[in-house]
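Only a predicted model underlies this, so the values are computations on that prediction, with no experimental measurement involved.
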Amino acid sequence: MRNYFAKDLIMFGSSTSRGASAYANVGMESSLNGASPNKLTIMLYDGAIGAINMAALFMRDQKIEEKTKKISHAIRIIDSGLRASLDKKAGGEIAQSLDALYQFMSKRLLLANLKDDPVILEEVRSLLADLKSAWVGLEQQTSMSGTQSLAARPQASAYFNTGVAA
């Protein structure tokens, strides 16, 4: 489940080999291929939370370029992953509310980047963590009952393979 961090470890590790990179990619692709729509949504939350956590570290260390890349990565996951995967017809009011919340989070992340404000990063990270918890509960329920999720299958692989700059 934590394979998405492999990309960050490879990207920032000083002595990681190409072999380790290829191994991480295979592990991630395997995780994505068999995942339910709910599980993919959870992985998107994990990716966005991980990017925000890294951004906070870079913000603390005054590494502006790295911070900006991580915040941008989190925004891409939220906008092009979580928001884009919403099925507003099937999800109704819940999907509409999530769409508005995701839009709010993206705007807050932009503001956090501009103001160099770790409090705003934490605000968005906390919102994502709360939503992730709800999706984890939904995944547990649907895996037991065999029902379908409200989410359409998000294109998570685009955010976790090493071809996308973080």
Taking every heavy atom of Trp135 against every heavy atom of Leu98, the minimum-distance pair comes out as CZ2-CD1, 4.4 Å
CD of Glu66 to CE of Met54: how many Å apart, nearest 0.5 Å?
9.0 Å
Please round to the nearest 0.5 Å and tell me the distance separating atom CG of Leu86 and atom OG1 of Thr41.
8.5 Å
So OG of Ser106 and CZ of Arg76: to nearest 0.5 Å the spacing works out to 11.5 Å
Can you find a heavy atom in the side chain of Leu121 that is under 4.5 Å from one in the side chain of Asn113?
no
Nearest 0.5 Å, please: how far is CZ in Arg108 from CD in Glu123?
4.0 Å
Consider side chain to side chain contact (heavy atoms under 4.5 Å, CB included). Of Asp46, Ile49, Leu44, which one does Leu128 pass it with?
Ile49
Rounded distance [0.5 Å steps], OH in Tyr45 versus CG in Leu82:
5.0 Å
Note: Lys67-Asp61 ion pair, threshold 4.0 Å (strictly below):
no
Does any part of the side chain of Phe58, heavy atoms only, come nearer than 4.5 Å to the side chain of Thr68, both counted from C-beta?
no
Given a cutoff of under 4.5 Å between side-chain heavy atoms of I, L, V, M, F, W and Y, with clusters grown through shared members, what are the other residues clustered with Leu111?
Ile120
Do Ile64 and Leu110 sit in one hydrophobic cluster, given that two such residues count as connected whenever their side-chain heavy atoms are within less than 4.5 Å of each other, even indirectly?
no
For the residue pair Ile78 and Tyr102, what are the closest heavy atoms and their distance?
CG2-O, 3.5 Å
Please tell me if the side chains of Asp99 and Phe104 come closer than 4.5 Å, counting only heavy atoms from C-beta onward.
no
Do Lys70 and Ile52 have side-chain heavy atoms sitting under 4.5 Å apart?
no
Run the side chain to side chain donor-acceptor pair (under 3.5 Å) test against Glu122 and tell me which residues pass, sequence neighbours left out.
Arg125
Ser80 (side chain) donor-acceptor with Ile77 (main chain) under 3.5 angstrom:
no
Determine, step by step, whether Leu131 and Met105 satisfy the side-chain contact (heavy atoms from CB on, under 4.5 Å) criterion, reporting the C-alpha distance in whole Å, the side-chain angles of both residues, the deciding distance to 0.1 Å, and the verdict.
CA-CA 12 Å; Leu131 289 169; Met105 286 186 225; 3.5 Å; yes
Distance, nearest 0.5 Å, that separates CE of Met59 from NZ of Lys115
12.0 Å
Considering only heavy atoms from C-beta outward, does the side chain of Val136 approach that of Glu139 to under 4.5 Å?
no
Sidechain N-carboxylate O distance under 4.0 Å for Glu65, Lys69:
yes
